[in-house]
Amino acid sequence: MSDFTTKPRVDIKPKTQRPRLHKVILLNDDYTPREFVVTVLKGEFRMSEEQAHRVMMTAHQRGVCVVAVYPKEVAETKATRATDAARQKGYPLLFTTEPEE
Ligand code: NFA
């Protein structure tokens, strides 16, 4: 006996999920030269001199500054690369990441 009956199916359309973004955060310290921070921001985060200087000064004065937001993997890679660049020069400069609300 052939059976061509088909179960009724409910078409479930999942809401589109955009990947959550993560913030890259620059932390102030007392030892890393300002100009080096600016150089790292320009090199790793493709900022202009003016943007990089503004971000550096915000972290310097307030303790932290959000540098940029990216998908998780990109944020983590950039934070690690920027932190490593400072370690190679013997500076304690630190970039961290955290998920955006
Ligand atoms: N506070 C550092 C200084 O006075 C500069 C700095 C800014 C370091 C932002 C880290 C982050 N040399």
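When a ligand or atom number is given, it counts from 1 through the structure's own listing order.
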Inset, instruction - Determine yes or no for a side-chain-to-main-chain donor-acceptor pair under 3.5 angstrom, with Gln51 supplying the side chain and Ser48 the backbone. - result: yes

Inset, instruction - Could you tell me whether Asn28 and ligand 1 have an N or O pair separated by under 3.5 Å? - result: yes

Legend entry - N or O pair under 3.5 Å between Asp30 and ligand 1: no

Give the numbers and elements of all ligand 1 atoms closer than 4.0 Å to a heavy atom of [X].
| X | value |
| --- | --- |
| Thr32 | 2 (C), 3 (C), 5 (C), 6 (C), 8 (C), 12 (N) |
| Met56 | 7 (C), 9 (C) |
| Leu27 | 10 (C), 11 (C) |

Between [X] and [Y], is there a side-chain N and carboxylate O pair less than 4.0 Å apart?
| X | Y | answer |
| --- | --- | --- |
| Lys72 | Glu98 | no |
| Glu100 | Arg20 | no |
| Arg54 | Glu50 | no |

Inset, instruction - Decide if atom CD of Gln61 counts as having more than 12 heavy atoms of other residues, nucleotides or ligands within a radius under 6.0 Å. - result: yes

Inset, instruction - Specify side chain, backbone, both or neither for Val37, according to which of its non-hydrogen atoms lie closer than 4.0 Å to ligand 1. - result: side chain

Legend entry - Heavy-atom proximity to atom 1 (N) of ligand 1, best of Asp29, Val55, Leu94, Val64: Asp29

